[in-house]
Number of protein chains: 2
Amino acid sequence: MAIDEKRLYSSNEVFKSLKIPFRYLRKLLILLSKNGLLVSVQGKNGGYRIAKNLVDISLLDIIQTVGDDQVINKCFFGFEGCAFEKKCAIHDKWAAVREHINDVLSSTTLAELKESGPQSFISNNN
Amino acid sequence: MAIDEKRLYSSNEVFKSLKIPFRYLRKLLILLSKNGLLVSVQGKNGGYRIAKNLVDISLLDIIQTVGDDQVINKCFFGFEGCAFEKKCAIHDKWAAVREHINDVLSSTTLAELKESGPQSFISNNN
DNA sequence: CTTAAATAATACCTCCAGGTATCATTTATG
DNA sequence: CATAAATGATACCTGGAGGTATTATTTAAG
């Protein structure tokens with residue numbers, strides 16, 4: 001959708017170039033809309049469009065909507081109060097890792113992905 | 001078990017100080033033995049002992065036996081041949097993250113954990 | 001206004017990693 | 001030897017994330 005960010009894409013159209021299950025794709029599109037990453041237009045000729053500038057949507061934004069950001073937030077050993085009461089054995093090392101991941105994900109935007117070409121981030125061959 | 005590395009610990013004994021399900025613990029101990037991280041002694045008065053010097057067992061070793069090292073090895077976008085045929089959009093950035101994780105896990109040994117004290121890596125309060 | 005083409009809401013199903021259950025084997029001890 | 005206390009092998013079960021099904025709503029166009 002970033003290829004033409006002003007246009008409206010129907011779920012059907014997106015489906016054709018993505019090879020993930022149609023109904024699941026629909027669910028994700030709705031989720032992304034609810035979370036403000038996409039704008040949806042209902043009714044006939046409706047569809048979805050990217051809601052902001054490409055440069056303002058990061059991989060982290062998307063993951064936080066659609067995926068699972070546990071690695072980024074959890075203590076390595078799973079301690080609930082890690083760093084509040086007492087640090088776990090590798091707290092600092094692991095916090096650095098998490099920060100690294102965070103940096104990469106939050107600094108990589110759709111604009112950047114678009115630049116490197118669709119085939120470098122769209123998986124349509126499984 | 002690193003607290004006294006020369007001693008034999010029965011699964012029952014380990015169980016008492018760990019609060020994870022007994023049968024699951026047994027399974028893990030067997031797995032760790034099979035993979036050479038523990039030495040097991042069968043029969044009455046049997047048990048387990050750490051198989052090597054504490055400094056030669058890393059978190060990575062343990063995870064590779066008992067856990068799931070996908071994050072460390074997989075392409076961010078899940079491309080199978082990433083970096084062989086063509087790099088994905090964030091290949092280099094993500095490779096750096098993976099290497100960072102690898103560094104931390106492979107350089108953190110049981111010896112180091114032991115130094116920072118059992119309560120900083122043993123989770124017995126869930 | 002009716003129809004058809006789209007999205008929205010909600011409830012349900014399925015697969016598999018994480019966890020269990022059962023039985024077999026090994027060995028110290030009296 | 002028999003027993004009990006330990007580990008080993010193997011097959012099975014289950015909760016919940018990932019995926020599916022069904023029905024409701026919205027809207028352009030003739």
Side-chain angles (χ1 to χ4, degrees), chain A residues 1 4-51 59 62-78 123-124 126, chain B residues 1 4-51 59 62-78 123-124 126:
Chain A
M1 294 168 73
D4 185 348
E5 28 176 332
K6 296 305 166 204
R7 217 183 99 209
L8 224 51
Y9 292 80
S10 74
S11 51
N12 220 298
E13 187 180 0
V14 176
F15 171 66
K16 282 178 188 150
S17 59
L18 230 46
K19 288 180 184 154
I20 65 174
F22 180 67
R23 286 162 189 279
Y24 185 48
L25 169 64
R26 297 253 349 248
K27 187 176 185 172
L28 296 181
L29 290 171
I30 291 170
L31 242 186
L32 289 163
S33 300
K34 273 196 188 161
N35 283 273
L37 297 185
L38 297 179
V39 169
S40 80
V41 174
Q42 283 184 277
K44 193 170 179 180
N45 304 329
Y48 303 89
R49 175 193 325 118
I50 290 178
L59 289 178
I62 297 171
I63 287 173
Q64 280 171 340
T65 295
V66 124
D68 158 16
D69 58 1
Q70 291 219 330
V71 217
I72 311 170
N73 295 313
K74 266 186 28 181
C75 163
F76 179 81
F77 292 102
S123 170
N124 62 1
N126 309 310
Chain B
M1 295 170 72
D4 185 350
E5 28 177 332
K6 295 306 165 201
R7 216 183 100 211
L8 224 51
Y9 292 80
S10 73
S11 50
N12 221 297
E13 188 180 0
V14 176
F15 171 66
K16 281 178 188 148
S17 60
L18 229 46
K19 287 179 185 154
I20 65 173
F22 179 66
R23 288 163 187 280
Y24 185 47
L25 169 64
R26 296 241 1 240
K27 187 177 185 171
L28 296 181
L29 290 171
I30 292 170
L31 242 187
L32 289 163
S33 299
K34 274 194 190 163
N35 283 272
L37 297 185
L38 297 178
V39 169
S40 80
V41 174
Q42 283 184 274
K44 195 172 179 181
N45 303 329
Y48 302 89
R49 174 195 322 120
I50 290 178
L59 288 177
I62 297 171
I63 287 172
Q64 279 171 341
T65 295
V66 125
D68 159 14
D69 57 0
Q70 291 219 330
V71 216
I72 310 170
N73 296 312
K74 268 187 25 183
C75 164
F76 179 81
F77 291 102
S123 169
N124 62 0
N126 309 311

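So you know, we letter chains A, B, ... as the sequences are listed, proteins then strands, and number each from 1.
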> What parts of residues 32-48 of chain B reach DNA chain D, counting only heavy atoms under 4.0 Å away?
Replying inline: B:Lys34, B:Ser40, B:Val41, B:Gln42, B:Gly43, B:Lys44, B:Gly46, B:Gly47, B:Tyr48
> Side-chain N or O of B:Arg23 less than 4.0 angstrom from OP1 or OP2 on C:dG19?
Replying inline: no
> When the distance from CZ of B:Arg26 to P of D:dT10 is rounded to whole Å, what number comes out?
Replying inline: 14 Å
>> Could you tell me how far apart B:Tyr24 (OH) and D:dT10 (P) are, to the nearest whole angstrom?
In response: 19 Å
>> Using only atom types and a distance under 3.5 Å, with no angle test, would you say the side chain of B:Asn35 pairs donor to acceptor with the backbone of B:Leu37?
In response: no
> Taking atom CD1 of A:Ile20 and atom CG of A:Leu25, what is their separation to the nearest 0.5 Å?
Replying inline: 4.5 Å
> Between B:Glu13 (CD) and D:dA6 (P), how many Å, whole number?
Replying inline: 10 Å
> Any N or O donor-acceptor pair linking the side chain of B:Lys27 to the base of C:dG18 at under 3.5 Å?
Replying inline: no
> What is the distance, rounded to the nearest whole Å, between atom CZ of B:Phe15 and atom P of C:dG19?
Replying inline: 14 Å
>> What is the separation between atom CG on B:Leu29 and atom P on D:dA6, rounded to the nearest whole Å?
In response: 14 Å
>> Using the rule given for ring pair (Phe, Tyr, Trp, His ring centres under 6.0 Å), can you reason through B:Tyr9 versus B:Tyr48, listing the C-alpha separation, both sets of side-chain angles and the distance that settles it, and then say yes or no?
In response: CA-CA 5 Å; B:Tyr9 292 80; B:Tyr48 302 89; 9.9 Å; no
>> A side-chain contact here means heavy atoms from C-beta on lying under 4.5 Å apart; do A:Thr65 and A:Ile62 qualify?
In response: no
> In whole Å, what is the span from the CG atom of A:Leu31 to the P atom of D:dA17?
Replying inline: 14 Å
> In whole angstrom, what separates A:Ile30's CD1 from C:dA6's C1'?
Replying inline: 11 Å
>> When you compare the side chain of A:Lys34 with that of A:Leu32, does any pair of heavy atoms fall below 4.5 Å?
In response: no
> What integer distance in Å separates A:Asn12:CG from C:dA4:P?
Replying inline: 17 Å
>> Do A:Met1 and A:Leu38 make a side-chain contact, defined as non-hydrogen atoms from C-beta onward lying under 4.5 Å apart?
In response: yes
